[in-house]
Amino acid sequence: MILTDVWTWLTNGENWEGEGGIANRLLEHLTYTGLTMVFAVAIAIPLGTWIAHSGRGAWMITVANSARAIPSLGLLLVLVMWLQPKFQGETNLGFLLPSVVALVVLALPPLLAGAYSGVSEVNPAARDAATGMGMTGREVFFKVELPCALPLISSGIRSATLQVVATATIAAFTGLGGLGRYVIDGRQTSQPDMMIGGAILVALLALSLELILATIQRFVVSPGLGGRARRGPRTSDAADVDSSHPTPPAAATREQASV
């Protein structure tokens with residue numbers, strides 16, 4: 001049974017040790033993902049929020065969205081062929097740098113879209129109220145627009161992270177490490193347990209990061225913006241409260257009026 005072989009491969013202690021072990025490959029995959037997200041977030045979040053706040057350069061959002069159509073593997077191969085000869089030696093920088101650049105390019109569209117949409121969809125009444133209170137444009141941005149945009153910014157970060165984790169898997173085609181090595185090597189050596197086991201590890205890593213980011217979003221985003229604010233009493237409840245104090249009958253009311 002293939003599933004039994006996959007379970008045996010995953011639980012074999014020898015497969016977790018050494019330079020090619022699962023622990024080291026997992027650390028490499030997390031390193032690629034972390035490096036990519038640091039650079040992508042540093043570029044996309046300030047740029048996307050500035051475009052939405054100032055109303056300038058909206059064409060960059062359109063250009064970034066068009067980058068979604070770029071084939072991931074094709075972009076990786078082109079960048080590796082272009083940059084790898086410039087980094088000769090024992091270092092793997094010639095494989096790492098073009099791979100990270102390609103992953104950053106692929107992570108920018110969802111981050112830019114989330115940041116731009118988050119600030120653009122802030123209620124204009126909130127901006128007007130903040131301006132009416134005497135806030136400057138800078139204060140309106142940091143105290144009103146940016147906090148209100150956090151749900152969509154967080155959604156963009158979660159979407160980009162999942163895409164980077166998946167794309168970093170195919171970066172193994174260019175000679176990079178990470179969990180994608182098991183998928184590539186397992187296919188080349190006809191070891192389906194290794195290939196399926198590597199795919200399962202990638203899926204588990206993506207689900208784990210999604211759970212961590214969703215938990216962080218729950219604590220960072222205000223409950224009112226995240227739809228978790230406690231609602232007031234329902235209309236029916238209010239009616240029940242009112243029914244405990246019935247209005248006086250009409251006859252009694254007429255008697256009181258005659259007196």
Side-chain angles (χ1 to χ4, degrees), residues 30 32-69 72 103-168 202-235:
L30 286 172
Y32 305 150
T33 304
L35 278 175
T36 301
M37 290 306 299
V38 166
F39 288 119
V41 167
I43 295 172
I45 302 302
L47 183 60
T49 52
W50 175 80
I51 292 173
H53 176 73
S54 65
R56 303 173 182 173
W59 58 270
M60 286 187 277
I61 303 298
T62 305
V63 173
N65 286 331
S66 65
R68 295 173 186 265
S72 305
L103 292 174
V104 169
V105 171
L106 296 173
L108 286 178
L111 290 171
L112 271 175
Y116 177 78
S117 300
V119 175
S120 297
E121 295 182 6
V122 173
N123 192 338
R127 291 195 186 95
D128 295 340
T131 304
M133 293 173 63
M135 289 187 182
T136 64
R138 183 184 181 88
E139 289 175 331
V140 170
F141 175 73
F142 283 104
K143 295 183 178 179
V144 178
E145 291 179 335
L146 200 56
C148 291
L150 278 179
L152 288 179
I153 292 176
S154 301
S155 298
I157 293 175
R158 291 165 60 182
S159 175
T161 302
L162 293 180
Q163 182 165 356
V164 170
V165 169
T167 310
V202 173
L204 290 176
L205 176 61
L207 291 174
S208 300
L209 290 177
E210 169 67 11
L211 180 61
I212 292 172
L213 292 175
T215 304
I216 294 174
Q217 178 179 345
R218 185 178 180 84
F219 284 102
V220 171
V221 177
S222 170
L225 296 173
R228 293 179 286 108
R230 181 175 296 178
R231 297 179 179 178
R234 295 179 302 175
T235 305

| field | Check against side-chain contact (heavy atoms from CB on, under 4.5 Å), Leu106 and Val164 | value | CA-CA 8 Å; Leu106 296 173; Val164 170; over 6 Å; no
| task | Determine, stepwise, if the pair Ser154 / Val220 fulfils side-chain contact (heavy atoms from CB on, under 4.5 Å). | result | CA-CA 9 Å; Ser154 301; Val220 171; 5.6 Å; no
| task | Applying side-chain contact (heavy atoms from CB on, under 4.5 Å), run through Ile212 and Ile216 and close with a yes or a no. | result | CA-CA 6 Å; Ile212 292 172; Ile216 294 174; 4.0 Å; yes
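Among all heavy-atom pairs drawn from Ala40 and Ala107, the shortest one is CB-CB, 3.9 Å. Across Gln217 and Pro151, no two heavy atoms sit closer than the pair NE2-O, 3.9 Å.
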What pairs of donor and acceptor atoms, side-chain ones from residues 118-130 against any protein atom, are under 3.5 angstrom apart with sequence neighbours left out?
residue: Ser120; atom: OG; partner: Tyr116; partner atom: O; Å: 2.8
residue: Asn123; atom: OD1; partner: Ala125; partner atom: N; Å: 3.0
residue: Arg127; atom: NE; partner: Glu145; partner atom: OE2; Å: 2.5
residue: Arg127; atom: NH1; partner: Val122; partner atom: O; Å: 3.3
residue: Arg127; atom: NH2; partner: Val119; partner atom: O; Å: 2.6

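One finds the OG1 atom of Thr33 at 7.5 Å from the CG atom of Leu103 (value rounded to the nearest 0.5 Å). Distance CD1/Ile43 to CD1/Ile45: 11.0 Å, rounded to 0.5 Å. Expressed to the nearest 0.5 Å, how far OG1 of Thr49 lies from CZ of Phe142 amounts to 8.0 Å. Here Gln163 contributes atom CD and Thr36 contributes atom OG1; the two are 11.0 Å apart, rounded to the nearest 0.5 Å. Between the OG atom of Ser117 and the CG atom of Leu112 there is a distance of 10.0 Å, given to the nearest 0.5 Å. In this structure, CG on Asn65 lies 11.0 Å from CG on Leu108, to the nearest 0.5 angstrom.
Ile153 pairs in a side-chain contact (heavy atoms from CB on, under 4.5 Å) with only one of the listed residues (Leu146, Leu111, Val41), which is Leu146.
Of the possible polar contacts, one joining the Thr161 side chain to the Ile157 backbone as a donor-acceptor pair under 3.5 Å is found.
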